[in-house]
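Read the structure below first, then the notes.
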Amino acid sequence: MEKYAEIARSQEFKKFKRAKLVFIWPIVILFLLYYLTLPLLAGYARPLMSSFITGHITFGYLYGVLCYLVAWILAYLYVRKARKFDEQARAIIDPYIRKKGA
């Protein structure tokens, strides 16, 4: 347990944790804002949501389908960035593991 506390106190870990939070929270907020505007628009902007974009496709249907696309894009961005976070975490932990008695 001493090693964990030592790692948690290190400046490298604090920078790592800060960078991770700076990346994750905007993604979460962006998704929630995009996702929660669908029911708000459906309830309060009916003329907009029922307006036809092309053929029989309304803005509401298009927005709903785009919710899935946005979720997949954000998930892809997170997975790419998570790989870099894993490498950084490994680089922070490795010196502590290599010390005798670890």
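The structure presented is a predicted model; accordingly, all values stated were derived computationally and were not measured.
- Note that the NZ atom of Lys17 and the CZ atom of Phe13 stand 5.5 Å from one another [nearest 0.5 Å].
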Donor-acceptor list for residues 39-65 side chains, cut-off 3.5 Å, not counting sequence neighbours:
from  : atom 1 : to    : atom 2 : distance (Å)
Ser50 : OG     : Arg46 : O      : 2.8
Ser50 : OG     : Pro47 : O      : 3.4
Ser51 : OG     : Leu48 : O      : 2.6
Thr58 : OG1    : Tyr61 : N      : 3.3
Tyr63 : OH     : Tyr34 : O      : 2.9
Tyr63 : OH     : Thr37 : OG1    : 2.2

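- Here Ile29 is tied into one hydrophobic group with Leu33, each link being a pair of ILVMFWY side chains closer than 4.5 Å.
- Leu30 and Leu36 fall within a single hydrophobic cluster, where Ile, Leu, Val, Met, Phe, Trp and Tyr side chains are chained together by heavy-atom contacts under 4.5 Å.
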Extract all donor-acceptor atom pairs below 3.5 Å that involve side chains of residues 68-93 and protein atoms in other chains or at least two apart in sequence.
none

